[in-house]
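Values below: every heavy atom of this structure, side chains too, minus hydrogens, waters and symmetry copies.
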Amino acid sequence: MSENFENNTVVEAETTETTNVQPSHGMAVASLVLGILGVVFCTLICCFYYIGIALSVIGLVLAVMAKKNGNDEGICKAGLILSIIGVVFGVLWIILAIVGNQFSSDAVQQFKQWAEKQN
């Protein structure tokens, strides 16, 4: 704040402070954790692939949001990659379940026909 005594006015000087604020890693870490859990649920615990898909999609959204907020570090990239892998594995499980269901229906029908011929 500086004073100008000639005109009897007070002039306030504006100060601007620039700080280098690092982006928060919260969303990136959450994306990484959800990506890891998504891959685990979609691969190792195959009965819960639908939970893995949901976790992976949420992790994918968080990774994209973290990237938009300026977090372009390895944690964000790893969360993005693992979330994509979790979604892909989940979709593969869905395809496998549909195809397997079709084959098992055909196998049951063939077994019934074979059993009827044997009697």
Scan the side chains in residues 29-42 for donor-acceptor partners under 3.5 Å anywhere in the protein, sequence neighbours excluded, and list what turns up.
unit_1 : atom_1 : unit_2 : atom_2 : d
Ser31  : OG     : Gly59  : O      : 2.9

Taken in chain and number order and not counting sequence neighbours, the residues that satisfy side-chain contact (heavy atoms from CB on, under 4.5 Å) with Ile95 are Val91, Val99
Interatomic distance, CD1@Ile53 vs CZ@Phe89, rounded to 0.5 Å, equals 12.0 Å
Rounded to the nearest 0.5 Å, the CG atom of Leu96 sits from the OH atom of Tyr49 at a distance of 9.5 Å
List the atom pairs, with distances to 0.1 Å, where a side-chain N or O of residues 76-85 and a protein N or O form a donor-acceptor pair under 3.5 Å, not counting sequence neighbours.
unit_1 : atom_1 : unit_2 : atom_2 : d
Ser83  : OG     : Leu60  : N      : 3.4
Ser83  : OG     : Gly79  : O      : 2.8

Do the side chains of Asn69 and Met27 get nearer than 4.5 Å, heavy atoms only? yes
